[in-house]
A.B. asks: 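Shown below is the structure under consideration.
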Amino acid sequence: MTNGETLTRVGPGTPMGRLMRQYWVPALLSSEAIADGPPIRLRLLGEDLLAFRDTSGNVGIVEHQCAHRCASLFFGRNEENGIRCVYHGWKFDTNGRCLDAPNLPDDSSYREKVRIKAYPTREHLGIVWAYMGDSKDPPDLPKAPALGLDANDVSVWCALRPCNYLQALEGDIDTSHLGFLHGGKVEGDDPAVANRAPEYHVTDTECGVMYAAYRDAPNGDRNWRFGQFNLPFFTQPPPVPLGQEPALRAFVPMDDTHTMFFSITSKAHTLSAIDNPAKKTLLGGGPGISFLYDYLPNTTDWYGRWRLKQNIDNDYLIDREVQKHLSYSGIEGVEIQDMAISESMGPIVDRDREHLAPSDIMVVRTRRCLLRAAKELMEQGKVPPSAQNPDAYRRAWGGFANSSTDKNWLEVFEEAVMRADRPLPAV
Amino acid sequence: MTNGETLTRVGPGTPMGRLMRQYWVPALLSSEAIADGPPIRLRLLGEDLLAFRDTSGNVGIVEHQCAHRCASLFFGRNEENGIRCVYHGWKFDTNGRCLDAPNLPDDSSYREKVRIKAYPTREHLGIVWAYMGDSKDPPDLPKAPALGLDANDVSVWCALRPCNYLQALEGDIDTSHLGFLHGGKVEGDDPAVANRAPEYHVTDTECGVMYAAYRDAPNGDRNWRFGQFNLPFFTQPPPVPLGQEPALRAFVPMDDTHTMFFSITSKAHTLSAIDNPAKKTLLGGGPGISFLYDYLPNTTDWYGRWRLKQNIDNDYLIDREVQKHLSYSGIEGVEIQDMAISESMGPIVDRDREHLAPSDIMVVRTRRCLLRAAKELMEQGKVPPSAQNPDAYRRAWGGFANSSTDKNWLEVFEEAVMRADRPLPAV
Amino acid sequence: MTNGETLTRVGPGTPMGRLMRQYWVPALLSSEAIADGPPIRLRLLGEDLLAFRDTSGNVGIVEHQCAHRCASLFFGRNEENGIRCVYHGWKFDTNGRCLDAPNLPDDSSYREKVRIKAYPTREHLGIVWAYMGDSKDPPDLPKAPALGLDANDVSVWCALRPCNYLQALEGDIDTSHLGFLHGGKVEGDDPAVANRAPEYHVTDTECGVMYAAYRDAPNGDRNWRFGQFNLPFFTQPPPVPLGQEPALRAFVPMDDTHTMFFSITSKAHTLSAIDNPAKKTLLGGGPGISFLYDYLPNTTDWYGRWRLKQNIDNDYLIDREVQKHLSYSGIEGVEIQDMAISESMGPIVDRDREHLAPSDIMVVRTRRCLLRAAKELMEQGKVPPSAQNPDAYRRAWGGFANSSTDKNWLEVFEEAVMRADRPLPAV
């Protein structure tokens, strides 16, 4: 297996697939699963699963085929605290236990031995999380700052991405594309995007990799941007005030070539970005700045959820006239611009063809971090500490901060994060 | 080749493909082939063929590519007792002989040596049958009771099934799913479906496998249900009076992942099932009981014939409210319910994941019968007797019968079949 | 690699792919590439490329992925003499040079070493040609007679063909199919198509293979038809007056299973064929004679350009009634008839199933010519002389000519071509 394959293959038994199964995985929105409502086809880390909410409100994430004769439980009846296969009536609860098997003799102990694979789930901030690993005692959810947001102040959305998780994720930890991909004012000189070759500071953290870059602020100070990669597929981007507004983004592999993206921010942040021209300016101004996207209607097939109207099949509705005169990309929407670029690389980008620049240092370090963790688990059975220690995420923040020019980048970071008076995540 | 592969692969040279080629294969409806009319793309046992009816009314089933330069005869001209390739005018009759090859010299003996593969065909009860084996002296059509129906009293219909033939067929010899898949009255106690773990009797027959199960009838008698698997892909289901109304169903592999289903019943039976509330009750009553299905318009591509409007792409129009309150499946139509379940298993179900129950004994015995026959042919060259003896099917009946409680199941069967005064099939 | 594979596989590194890369390749219409306009996805010889016209009017044909991080330059901004990747702003000119890389340090020499693959291009007669070989000093365009047409008198059109280039091309050098595929008057005896087994004369030429066949003309003379295969994928068909009206047709492989067809004729010829009933008669008369085809709207995907409305998905709109009574094919349009036949063979025809006739001698000789050239290049490194000598094409003409019966076919050819007073192509 080449490094490129190790980085990108996520199915059962692959090194990266095994690594990801050490962590909790965002699987779907809580709102998708209705008590005793229709079950949901759910592809996750290359497995075909079914999600359903039972009568008591528990969400099950189980293999989609009945243990008896492999009929799909998608057609099952979600009834009194279990899903019943409509072929012969075998019924399973959210833990995969067989509650009923009417075509077995009444005294059969066989039924008690029959199970379907079922993954532990938790719900937090409107997201159903699954633990797909072997441990009988899964860790707590990571104590990432955004996961400590109040449930009433959180804004969560999803998007299906038709490409490998890693190239999607790498767009998120790449601050140097800001000026172009999200830049407007093509025909003028925009100071906000002047420094297109920023110098990067990068360091490993307890739960991944962190970078910072700065620009000179108008008043002589420095404007710092900090970004995070958090194992195994999370990011924290810079456009929030460091230590004050947390954000967390997940690039969850559905399979090797499809990714479900989750965004978790405070409502305040999301709204302010829409309403606040200043924030728009921060992102380069002009067209292409929008945080509200249109979806196609959800359908029930494996890739039917949270597809955006602007997608690879319609070239993301690129407008070549806008591209000529107003914005570099000609594509409306910051997130859509990111999608267009990473999806345009093909289902799984061939990293051997790259020519990396110094500003790609964060991308390089993130790949190394993932490779090292996957290989150590595969070859030595070493589970990464961050998978077993939710506190490893507590001090991982992304965001922007201003400082005087004499401050070291890590000093700036420590001060801002220390100042954070946000209570620990109550997860 | 695993047993699972042996059971499900049907292309030329495979063990099961070779076995099936010992038997006559229902290929298309007679009404599809019009004298001198458009030829029909026909995939059968993994081969791409063409069906056409010539001027004299004979139906040819031939390879679809011209022997000369491999142009498809689908674009050929069906003219004066042969199909003419429109590339260079080579013309073939229904036996695959080259009748004309205008670009060969007039005295060419080459033309007489050129042939396209052509399979012997017969028409019976509105179905065109093909013999795809090597024998120059194919057997007669099997003398299955339903094939002795009067042509004026027969009802035949087809449906394209996007899955392997065997999982489709297995749904037909599985009486224990009746109560659930076809059951209604979800919220009550329905005596008609009370016994969901029936005891099965199973025995090998001259031409396959037979089972019976019983329920206690209200008057103290027993209500028996007999079902048949007949080599190589036929079934006879129970919901007809045993020995009185014959039925035959064929699950003909188009290729490993597509099946053309044929149903042959007496017209009387079909109409009565539609009109007769009693028969509906027999099947569990309530919604979901219908024997008339809507088709999509036929098209000319390889998979364009006899597709149903309710299909895997629209979840068979499942209605989750109906599923909650009225019927277990929420899907309208007994046949569609069967389709939904077997197609939901995927194109070829992985039988290694099953957990079989005692009530699956008929399925198990049928697999063994098929495996044994395929292996004996492959390894020892032994052609199954049923392939060479049409009479082997004469006493194979499916259906229901009542008896007193002291009767042995085989006695009940013999008596009912003996009583059958139906003349032998005149085929 | 079988001969069949050698003949039909065209990707980088394959024998035939290497052979074709010795020659100039028609890539797209000049009118498709607009200065500073949208770039065009272009699949050529199995490579995913991008075509764009820069501010100065030069057309670039370059790999479609940015050298930096492999984002597709399709989303790039075609600006001031280069295409700029909108991810990080790397900008490339039509020669593949990196003009700008804003995220590299200002003094970076790295930028000067970075290139994307770019193929030399030329424009001639409204077609953009690419040279995809290794030579730093590519030859001139071939001096085929049609390439000497005046730009004001040329008619060029394209069609996407969903099959391998060779089976498409072979339909063009096969004069014996005229009577059937393009023949009308099904129910009568048409002297124009009487000789359906013509005798062929074939000879190798400096740039490929040439054939001739004759019919007896009404006045006792002979009516000769000459056709050309010109390396590596060109043809010259007979229905033009030999030595007077040149035509050239190219079957350019997009990949192994898709071909872009280019037709180059004089406008006079094209118009006359439409307006002139005599020419229609030459082609067999009746329906099916048309040189104007409807396109589907072009789209931006890899297979989105120049798709015809009559195509394999709608059986080329075959009319079985027309086929019965008026024309053998039942398909409208001479070119469409050719498409239907060669595409009906499947994506890549299996030539091992053929039964060749004497009249296939031209097809056989053409395959041998291609095989020999591909193998000599692969095994001995021998570049075919025609690839390095544009003049090799000067005396290659296709067309018809009349002669008395005592003339040898090559005499007839020489005389007609000698008479050609057309100036040498000014390319």
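Residue numbers start from 1 in every chain, and the chains themselves are labelled A, B, ... in the order their sequence lines are given, proteins ahead of strands.
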A.B. asks: Strictly less than 4.5 Å between heavy atoms, which residues of residues 39-53 of chain C line up against chain A? Please order them by number.
C.D. replies: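 From residues 39-53 of chain C, the residues near chain A are C/Pro39, C/Arg41.
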A.B. asks: Need one label for C/Asp106: side chain, backbone, both or neither, based on atoms under 4.5 Å from any heavy atom in chain A.
C.D. replies: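 Interface part for C/Asp106: neither.
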A.B. asks: Are any non-hydrogen side-chain atoms of C/Asn78 and A/Arg320 less than 4.5 angstrom apart?
C.D. replies: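 Answer no - side chains too far apart.
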A.B. asks: State the OG1-CG distance between C/Thr299 and A/Asn314, to the nearest 0.5 angstrom.
C.D. replies: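 Separation between the atoms: 12.0 Å.
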A.B. asks: Looking at C/Gly89, C/Ser108, C/Cys85, which has the largest count of heavy-atom pairs under 4.5 Å with chain A?
C.D. replies: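 Going by pairs under 4.5 Å, I would pick C/Gly89.
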A.B. asks: Taking all non-hydrogen atoms of both residues, which atom of A/Glu354 and which atom of C/Cys70 are closest, and how far apart?
C.D. replies: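 Result for this residue pair: CG-SG, 3.9 Å.
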A.B. asks: Would you check if the side chain of A/Ser344 reaches a backbone N or O of C/Ser72 as a donor-acceptor pair within less than 3.5 Å?
C.D. replies: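 Checking the backbone N and O of C/Ser72 against the side chain of A/Ser344, a donor-acceptor pair under 3.5 Å is found.
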A.B. asks: Using non-hydrogen atoms and a 4.5 Å limit, figure out which bit of A/Ile318 sits close to chain C: side chain, backbone, both or neither.
C.D. replies: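 A/Ile318 touches chain C through side-chain heavy atoms alone.
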A.B. asks: Tell me, side chain or backbone of C/Tyr110 under 4.5 Å from chain A's heavy atoms, or both, or neither?
C.D. replies: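 Side chain of C/Tyr110 only, per the 4.5 Å heavy-atom cut-off to chain A.
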A.B. asks: Can you name the closest pair of heavy atoms from C/His68 and A/Leu356 and give their distance?
C.D. replies: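 Taking every non-hydrogen atom into account, CD2-CA, 4.3 Å.
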A.B. asks: Can you tell me which portion of C/Arg111 sits under 4.5 Å from chain A's heavy atoms? Options are side chain, backbone, both or neither.
C.D. replies: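 Neither part, no heavy atoms under 4.5 Å.
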A.B. asks: Of the listed residues (A/Asp315, A/Asp350, A/Val363, A/Asp360), which shares the most heavy-atom pairs with chain C below a 4.5 Å separation?
C.D. replies: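 Heavy-atom pair counts peak at A/Asp315.
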A.B. asks: Would you mind telling me which of C/Ala71, C/Ala67, C/Gly76 has the largest number of heavy-atom pairs within less than 4.5 Å of chain A?
C.D. replies: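 Result: the option with the highest number of such pairs is C/Ala67.
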A.B. asks: Going from CZ on A/Arg353 to CD1 on C/Ile116, what distance comes out if it is rounded to the nearest 0.5 angstrom?
C.D. replies: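 That separation rounds to 10.0 Å.
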A.B. asks: Tell me the closest heavy-atom pair linking A/Gly171 and C/Tyr87, and the distance in Å.
C.D. replies: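 Closest approach of A/Gly171 to C/Tyr87: CA-OH, 3.2 Å.
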A.B. asks: So, do A/Glu343 and C/Phe75 sit near enough that their side-chain heavy atoms are less than 4.5 Å apart?
C.D. replies: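 Answer no - side chains too far apart.
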A.B. asks: May I ask you to list the residues in residues 20-34 of chain C that approach chain A closer than 4.5 angstrom, counting heavy atoms only, ordered by number?
C.D. replies: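 So no residue qualifies.
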A.B. asks: Nearest 0.5 Å please: distance from the CZ atom of A/Arg351 over to the CZ atom of C/Arg69.
C.D. replies: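 Separation between the atoms: 8.0 Å.
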A.B. asks: Mind listing the closest non-hydrogen atom pair of A/Gln323 and C/Arg77 along with its distance?
C.D. replies: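 So the minimum-distance heavy-atom pair works out to O-NE, 2.6 Å.
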A.B. asks: Measure the shortest side-chain to side-chain distance between A/His177 and C/Asn103 over non-hydrogen atoms and say whether it is less than 4.5 angstrom.
C.D. replies: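 Of all side-chain heavy-atom pairs linking C/Asn103 with A/His177, none is under 4.5 Å.
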A.B. asks: For A/Asp174 and C/His88, test the side chains for any donor-to-acceptor distance below 3.5 angstrom and give the result as yes or no.
C.D. replies: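 Checked: A/Asp174/C/His88 side chains pair up, N/O donor to acceptor below 3.5 Å.
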A.B. asks: Answer with side chain, backbone, both or neither: which region of C/Glu63 has an atom nearer than 4.5 Å to a non-hydrogen atom of chain A?
C.D. replies: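 Answer is side chain: those atoms of C/Glu63 sit under 4.5 Å from chain A.
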A.B. asks: Is C/Asp36 salt-bridged to A/Lys324, going by a charged N under 4.0 Å from an acidic O?
C.D. replies: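 No.
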A.B. asks: Could you give the distance from OG1 (C/Thr300) to CG (A/Asp313), rounded to the nearest 0.5 Å?
C.D. replies: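 It comes to 9.5 Å.
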